[in-house]
Amino acid sequence: MSELLEVSNLRVSLGRGRARTQILHGVDLSVASGEIVGLIGETGSGKTTLARTVLGLARIDSGTVSLGGTDVGSIPGRHLRAFRRAGLAQYVFQDPLQSLDPQLTVAASVGEGLAVRGGLRREQLSARMLDALDLVGLDPSFADRLPAELSGGQRQRVAIARAMVLEPGLLICDEPVSALDAASRGQVLELLAGLPSVRELGMLFISHDLGSVASITDRIVVLYRGNVVESGSTERVLNDPQHPYTRLLVGSAPTLGGGAADRGTRAQLRALLADHT
Ligand SMILES: Nc1ncnc2c1ncn2[C@@H]1O[C@H](COP(=O)(O)OP(=O)(O)OP(=O)(O)O)[C@@H](O)[C@H]1O
């Protein structure tokens with residue numbers, strides 16, 4: 001497996017003037033083609049900021065982000081749009097309605113990125129769009145529907161098709177199943193888990209839900225207040241967490257044997273955490 005994404009000692013600040021705050025404090029992370037890496041951490045730990053930086057949407061203070069061999073931080077501002085349009089990394093949001101225009105049919109939504117990129121004839125565009133629908137398990141009859149006519153799970157499939165049609169090397173999924181009901185959640189997770197074996201793809205899977213993370217990732221990176229406090233194989237991190245914060249997360253996860261850490265234990269871990277950060 002070759003490294004697709006290589007993040008090294010990344011520091012990023014957000015906000016302006018006096019409100020400017022450092023969010024990422026020297027983050028290291030990599031994703032190889034063919035693997036699914038889970039990025040976990042509580043609200044505000046910097047997961048989305050990291051994802052946005054990879055997409056060229058946040059300015060880098062120092063450190064590097066290399067995506068498919070391109071140094072994202074050194075792309076001149078005037079070329080960033082072209083970089084994003086090339087679609088080497090694609091983003092799947094928690095709420096598919098964020099990426100789907102309610103006025104556009106499924107066909108128009110899925111084909112939009114390709115149309116903007118240009119260079120394809122109408123029939124080629126249509127064939128690629130149908131191919132992407134097939135990839136996510138939707139038959140051609142969905143092409144003429146509007147988002148309002150779809151279930152939550154079907155909408156998320158369309159959002160995934162819209163990303164995959166651009167043949168990205170990296171798919172960043174930010175809480176992709178947390179807005180779905182339990183049945184659709186399982187189906188969409190199964191779909192995502194299978195993508196790297198049918199397309200040349202690496203995936204960064206961001207989630208609070210350790211149950212989902214456990215079911216589809218190869219490796220896990222744990223982010224705490226903008227620092228990577230632990231990383232390793234999914235099995236090792238979940239079965240033998242080393243850092244107190246990871247122990248707290250794993251112990252509190254209902255889907256992993258729920259609340260294994262009782263209140264007393266959590267209080268102890270929180271105290272430990274205070275010493276470790
Ligand atoms: N534009 C901004 N200006 C200043 N601070 C910001 C800005 N956007 C986000 N932040 C802050 O950066 C921190 C990290 O936010 P981020 O969204 O990356 O966290 P997260 O781990 O993805 O959280 P969540 O799980 O809730 O999505 C938070 O404290 C947030 O308040």
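We count ligands from 1, going down the list as the structure has it; atoms in each ligand are counted the same way. If you read the sequence from its start, that first residue is 1, and numbering goes on from there.
Between Leu50 and Ile206 the shortest side-chain heavy-atom distance does not fall below 4.5 Å. The closest side-chain heavy-atom distance from Leu133 to Met129 is below 4.5 Å. With contacts defined as side-chain heavy-atom distances shorter than 4.5 Å, the pair Leu135/Arg199 qualifies. Within the 4.5 Å cutoff, the side chain of Leu171 has heavy atoms near those of the Leu192 side chain.
Residue Gly46 has at least one nitrogen or oxygen atom sitting less than 3.5 Å from a nitrogen or oxygen atom of ligand 1, judged on distance alone.
Taking CG of Leu125 as the reference point, atom CZ of Arg117 lies at 10.5 Å (rounded to 0.5 Å).
Here atom 7 (C) of ligand 1 lies nearest to Leu14 when heavy atoms of Leu14, Thr49, Val12 are compared. Which of Glu175, Gln22, Lys47, Arg16 comes nearest to atom 25 (O) of ligand 1 through a heavy atom is settled by distance: it is Lys47.
Residue Gly41 places no heavy atom under 4.0 Å from ligand 1.
For atom 29 (O) of ligand 1, the nearest protein heavy atom (residue, atom name, distance) is Gly44 O, 4.0 Å. Counting protein heavy atoms only, atom 27 (O) of ligand 1 is closest to Thr48 OG1, 3.6 Å. Among all protein heavy atoms, the one lying closest to atom 26 (O) of ligand 1 is Thr43 CG2, 3.1 Å.
Each of Ile160, Leu114, Val136 was checked for a side-chain contact (heavy atoms from CB on, under 4.5 Å) with Val165, and the lone residue meeting it is Leu114.
The Glu42 neighbourhood of ligand 1 comprises atoms 21 (O), with distances under 4.0 Å to a heavy atom of that residue. Residue-ligand proximity, Gly15 to ligand 1, at heavy-atom distances under 4.0 Å covers atoms 3 (N), 4 (C). Against a heavy-atom cut-off of under 4.0 Å, His208 is close to the following atoms of ligand 1: 25 (O). Of all atoms in ligand 1, numbered sequentially from 1 with element shown, those under 4.0 Å from a heavy atom of Ile23 are 11 (C), 12 (O), 13 (C), 14 (C).
For the pair Arg157 and Val188, the tightest heavy-atom approach, listed with the atom from each and the gap, is NH2-N, 4.5 Å.
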TODO: Check the pair Val158, Phe142 against side chain to side chain contact (heavy atoms under 4.5 Å, CB included), reporting the backbone distance first and the verdict last.
DONE: CA-CA 9 Å; Val158 173; Phe142 281 88; 5.9 Å; no
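In this structure, atom 16 (P) of ligand 1 is in close contact with the protein, since a protein heavy atom lies within 4.0 Å of it.
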